[in-house]
Amino acid sequence: MPHFNPLVEKLSPPPVPSVLAWGKAYDGAKGPLIDLSQAVPGYPAHPDLLKWLGEAAASAAYTGYGAIEGEAELRHAYAEHVAALYGAAVTAGNIHITSGCNQAFIAAAMAVAGAGDTVLMTNPYYFNQETTLAMLGINVELAPLDAGAGFLPEVETIASALRPGIRALALVSPNNPTGAVYPPELLQRLYELCRANGTWLILDETYRDFLPDAAAAPHGLLRTPGWEDGFIGLYSFSKSFCIPGHRLGAITTGKRVVEQVAKIMDNLRAARPPGGRRQGTAGARRLAARQSRRDRRPRRGAEGDHDPTTAMEAASGRRLFRLYPPPLPRHRIALRR
């Protein structure tokens, strides 16, 4: 038979389905199964969001192609949220909407690196990012993390690993799989190292909304002069809205990067799933109406369910896209054969 692409053929099968299969085959002989295989919210999406998704699926308005960069209303709403959270001058032109955060990383990586180039990652790493780079023919170099140091990147280690030709440093905070939260001053130091080396900093903040302090900006990178020419931030609506099956993510970066990503996305998909478009814009609009009710925690019923009314009211200006304050999620384990 004809050959497969060797870069794809040598990849291991997707690990999460394999782990889930192990779980189904487990007979309980050693006690209850503790599932750490995938970082997904352990509670359902808010009923209003499910209603909006249903409305979108039945709406003729969302059966056509959308803007490649994302719906203008959603880009503006998310830009306002990011600007408020980080205290930075972020506009819709800095935002590109994607079908989930994994797609955001693929597009970001393709925008700044090509086959034969090198991207620096930490070890442990989020497995989908490593396999993305591998199938694109992009070399990966790993900077080790020390468990004794809380799995935080050490500035000296990153500085010694950065060299001319390293196209990007890819970080995840809160981290998957370690759960480490990188302090703002550490991220600033790492960004400055990248800037001095002519290297992009790609920061995946999928679990940003799960941090316990929603009033504090996770970092000050977006307030750094010239950030648009060296920083690419990734985000996941899917995790924050408890709808990982409805793929919706975002890239926050410079306008020139958004232009490059649009070229890539035009070939990956011409428009996002209609449910995601509607859910994101409706969620932004309706949650924004509750900005005056800040830091209210939701009541829980006898069975531990979130009260729908107070859950919606819990969203503040700095938590524009959060439904209610969730606990830190279970972290996906990177498995390799």
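Because only heavy atoms are used, hydrogens play no part in the values below, and waters and symmetry mates are left out as well, while side chains stay in. Only a predicted model underlies this, so the values are computations on that prediction, with no experimental measurement involved.
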Backbone of Ala143 reached by a side-chain donor or acceptor of Thr122 within 3.5 Å: no
Step-by-step side-chain contact (heavy atoms from CB on, under 4.5 Å) determination, Leu136 to Leu7: CA-CA 7 Å; Leu136 292 173; Leu7 296 176; over 6 Å; no
Exercise: identify the closest heavy-atom pair between His81 and Arg208: NE2-NH2, 3.7 Å
Inter-residue atom distance Asn123.CG - Phe151.CZ, 0.5 Å rounding: 9.5 Å
Donor-acceptor side-chain pairing of Tyr126 and Asn102 below 3.5 angstrom: yes
Residue Arg195 excluded, over 12 heavy atoms near CZ under 6.0 Å: yes
Check: His219/Glu205 side-chain N/O donor and acceptor closer than 3.5 Å: yes
Exceeds 12 heavy-atom contacts within 6.0 angstrom, atom CZ of Arg256: no
Candidate list Val172, Leu142, Leu171, test side chain to side chain contact (heavy atoms under 4.5 Å, CB included), partner Met121, passing option: Leu142
Check: Tyr182 main-chain N/O paired with Ser173 side-chain donor or acceptor under 3.5 Å: yes
Whether Arg247 side chain and Gly100 backbone form a donor-acceptor pair below 3.5 Å: no
Salt bridge (Lys or Arg N to Asp or Glu O under 4.0 Å) against Glu141, all qualifying residues, sequence neighbours excluded: Arg163
Gln188 and Thr224 side chains, donor-acceptor separation under 3.5 Å: yes
Phe237/Tyr235 aromatic ring centres below 6.0 Å: yes
Residue pair Asp229, Val257: steps toward the side-chain contact (heavy atoms from CB on, under 4.5 Å) verdict: CA-CA 8 Å; Asp229 297 323; Val257 182; over 6 Å; no
Side chains of Phe231 and Leu203 in contact at under 4.5 Å (non-hydrogen atoms): yes
Exercise: identify the closest heavy-atom pair between Asn197 and Pro164: OD1-N, 3.7 Å
Sidechain-backbone polar pair: Asn94 side chain, Thr253 backbone, donor-acceptor under 3.5 Å: yes
Check: Thr206/Asp204 side-chain N/O donor and acceptor closer than 3.5 Å: yes
Phe105: partners by ring-ring contact (aromatic ring centres under 6.0 Å, His included), with sequence neighbours left out: none
Sidechain-backbone polar pair: Thr178 side chain, Asn175 backbone, donor-acceptor under 3.5 Å: no
